[in-house]
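Just below is one structure, and these are the notes that go with it.
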Amino acid sequence: METCIFCQIVSKKSEAYIIYENDWVCYFLDKFPINKGHVLVVPKKHYQEFSEVDEKSLIEVILAAQKATIAIEALLETDGITIMQNNGIFKDVEHYHMHVIPRYKDDGFSWVEPKIKVNKDDFTDLKTSLQDYLKHKVYFTSGQGECKKTD
């Protein structure tokens, strides 16, 4: 996709501090890091949403994130790592990507959990609905990476 900044980075049309790449993925330093060493792992093929990404690319994204994590933890002496991915209106670039964020005690980055109440019936109903939905779907077929509904 010509206007996508991540596609431009992958194709070397835009500059980035690329750390690692293979045939499937590329990861590079985030230009607006939460902490020093924050990297973005992107599939080379353009996908807008997590739910669209083919199986092989997903596997390569998580393996690359693990490689980044091991290196970052060793070199930057972190207190931990946050791995995250935003979807829909919550992402800032319209190309699926995963964040690997070095973490330090009292670094100011946080996860704010809203105070919501869920009762036992809500849990039971949601569990049943999700299980029923999953029974009627096939997500990846024979390595094709295609999402197909089964009847």
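Just so you know, these numbers come straight off a predicted model, no measurement behind them.
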(message) Determine whether Val39 and Tyr17 satisfy the following criterion, side chain to side chain contact (heavy atoms under 4.5 Å, CB included), listing intermediate values before the conclusion.
(response) CA-CA 9 Å; Val39 300; Tyr17 296 95; over 6 Å; no

(message) According to a hydrophobic-cluster definition based on side-chain heavy atoms being under 4.5 Å apart (Ile, Leu, Val, Met, Phe, Trp, Tyr only), do Phe50 and Ile101 belong together?
(response) no

(message) Counting only heavy atoms from other residues, nucleotides and ligands, does the tally under 6.0 Å from NZ of Lys45 exceed 12?
(response) no

(message) Can you confirm if the aromatic rings of Phe6 and Tyr47 lie within a centre distance of less than 6.0 Å?
(response) no

(request) For residues Tyr27 and Lys67, report the shortest heavy-atom separation together with the two atoms involved. (result) OH-C, 3.9 Å

(request) Heavy atoms only: give me the nearest Ala64-Val25 pair and the separation to one decimal. (result) CB-CG2, 3.9 Å

(message) How close do Glu94 and Gln48 get, counting heavy atoms only, and between which atoms?
(response) OE1-NE2, 2.7 Å

(request) Taking the side chain as every heavy atom from C-beta outward, state whether Glu52 and Tyr96 have any pair of such atoms under 4.5 Å apart. (result) no

(request) Using the test salt bridge (Lys or Arg N to Asp or Glu O under 4.0 Å), find all partners of Lys36 that sit at least two apart in sequence or belong to another chain. (result) none

(request) Return the set of residues passing side chain to side chain contact (heavy atoms under 4.5 Å, CB included) with Lys13 (not counting sequence neighbours), or none when no residue passes. (result) Glu2, Gln8, Ser11

(request) Hey, could you give me the CG/CD1 distance between Asp54 and Ile59, rounded to the nearest 0.5 Å? (result) 9.0 Å

(request) Quick one: sort the His38 and His99 rings into parallel, tilted or perpendicular, breaks at 30° and 60°. (result) tilted

(request) Look up atom CG in Asn35 and atom OH in Tyr104, then write down how far apart they are to the nearest 0.5 Å. (result) 6.5 Å

(message) Tell me which one of His97, Glu49, Gln85 satisfies side chain to side chain donor-acceptor pair (under 3.5 Å) with Lys91.
(response) Glu49

(message) Could you see if Phe123 belongs to whatever hydrophobic cluster contains Ile116? Use Ile, Leu, Val, Met, Phe, Trp, Tyr and a side-chain cutoff under 4.5 Å.
(response) yes

(message) Within this structure, what is the CG-CG distance for the pair Leu63 and Leu58, rounded to the nearest 0.5 Å?
(response) 11.0 Å

(message) Nearest 0.5 Å, please: how far is NZ in Lys135 from CG in Leu130?
(response) 12.0 Å

(request) Can you measure from OG1 (Thr3) to NE2 (His46) and round to the nearest 0.5 angstrom? (result) 7.5 Å

(message) Can you tell me how far apart CZ (Phe109) and OG1 (Thr82) are? Round to the nearest 0.5 Å.
(response) 6.0 Å

(message) With a 4.5 Å cut-off on side-chain heavy atoms, are Met98 and Ile62 touching?
(response) yes

(request) Measure across Gly37 and Ile72 and return the closest heavy-atom pair with its distance rounded to 0.1 Å. (result) O-CD1, 3.3 Å

(message) Tell me whether Glu60 is salt-bridged to Lys44, with the criterion being a basic N under 4.0 Å from an acidic carboxylate O.
(response) no

(request) Please tell me if the side chains of Lys12 and Ile18 come closer than 4.5 Å, counting only heavy atoms from C-beta onward. (result) yes

(request) Would you name the heavy atoms of Ser14 and Ile5 that are closest together and state the gap between them? (result) OG-CD1, 3.6 Å

(message) Looking at every heavy atom in both Val41 and Val61, which two are closest together, and how far apart are they?
(response) CG1-O, 3.7 Å

(message) Using the salt bridge (Lys or Arg N to Asp or Glu O under 4.0 Å) criterion, which residues pair with Asp107? Sequence neighbours excluded.
(response) Arg103

(message) Test of understanding: clusters of I, L, V, M, F, W, Y form through side-chain heavy atoms closer than 4.5 Å, transitively. Do Trp24 and Val100 belong to the same one?
(response) yes

(message) Let me check something: do Ile83 and Leu76 share a hydrophobic cluster, defined by ILVMFWY side-chain heavy atoms less than 4.5 Å apart, either directly or through other members?
(response) yes

